[in-house]
Amino acid sequence: MPSHATQGGVVPSAPEMDARLQEDRRTPAGRERTSRAEAGALPDGVFARLDGDVGLWQDGRRLLWSMNGYGAPLEVAAEVEVEVLTPRAAMNVMAAGYEPVVHPSAQGAN
């Protein structure tokens with residue numbers, strides 16, 4: 001996959017990327033900023049909340065997170081709306097093909 005720079009764009013600096021992510025994470029008042037999406041539209045690597053539980057989306061399924069690692073994958077109907085916790089800019093990068101590295105407990109969940 002070509003990099004942003006080879007596409008004629010300017011590669012942002014780390015502080016610029018961090019500022020963008022922070023803008024996506026928090027409102028100007030400092031409150032958590034989330035978004036809503038259908039489960040079927042989530043790229044791998046996104047964290048979302050459904051029914052009060054936070055999970056990692058991988059291969060179209062939800063892996064619940066705990067202090068002991070990730071649980072078994074759970075099927076979620078594609079049309080179910082979830083609360084997306086991952087900043088929008090990061091979600092867009094994953095949707096464009098970036099594959100995040102995940103904890104070993106999530107790697108064997110396929």
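- Taking every heavy atom of both residues into account, Ala89 and Asp24 meet most closely at N-OD2, 2.7 Å.
- Taking every heavy atom of both residues into account, Gly45 and Pro100 meet most closely at CA-CG, 3.7 Å.
- Transitive grouping of hydrophobic side chains (ILVMFWY, heavy atoms separated by less than 4.5 Å) keeps Leu21 and Met91 in distinct clusters.
- Residues Gly69 and Ser105 share a closest heavy-atom pair of CA-OG, 3.4 Å.
- Side-chain contact between Arg62 and Val82 is absent, with no heavy-atom pair separated by less than 4.5 Å.
- Atom OH in Tyr98 sits 14.5 Å away from atom CG in Asn92 (nearest 0.5 Å).
- In the hydrophobic cluster analysis, where Ile, Leu, Val, Met, Phe, Trp and Tyr join through side-chain heavy atoms closer than 4.5 angstrom, Val54 is grouped together with Leu63.
- Taken from CD in Glu99 to CE in Met94, the straight-line distance is 11.5 Å, to the nearest 0.5 Å.
- Of the possible polar contacts, none joining the Glu23 side chain to the Arg20 backbone as a donor-acceptor pair under 3.5 Å is found.
- The minimum heavy-atom distance between Asp44 and Asp59, with the atom names listed, is OD1-N, 2.7 Å.
- Among all heavy-atom pairs drawn from Ala39 and Ala77, the shortest one is CB-O, 3.7 Å.
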Subject >> Stepwise side-chain contact (heavy atoms from CB on, under 4.5 Å) check, Trp57 with Val76 >> reply: CA-CA 10 Å; Trp57 251 255; Val76 177; 4.2 Å; yes

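- With a 4.5 Å cut-off between side-chain heavy atoms of Ile, Leu, Val, Met, Phe, Trp and Tyr, the cluster of Leu64 takes in Leu74.
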May I have the list of side-chain donor-acceptor pairs in residues 25-32 shorter than 3.5 Å, sequence neighbours left out?
{"residue": "Arg25", "atom": "NH1", "partner": "Gln22", "partner atom": "OE1", "Å": "3.4"}
{"residue": "Thr27", "atom": "OG1", "partner": "Ala29", "partner atom": "N", "Å": "3.3"}
{"residue": "Thr27", "atom": "OG1", "partner": "Gly30", "partner atom": "N", "Å": "3.4"}
{"residue": "Thr27", "atom": "OG1", "partner": "Arg31", "partner atom": "N", "Å": "3.1"}

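- Within the structure, every pair that satisfies the side-chain hydrogen bond (donor to acceptor under 3.5 Å, both in side chains) test and touches residues 71-85, not counting sequence neighbours, is listed here: Thr34-Glu83, Arg36-Glu81, Arg49-Glu83.
- For the pair Glu38 and Ala78, the tightest heavy-atom approach, listed with the atom from each and the gap, is CB-O, 3.4 Å.
- Between the CG atom of Leu56 and the CZ atom of Phe47 there is a distance of 4.5 Å, given to the nearest 0.5 Å.
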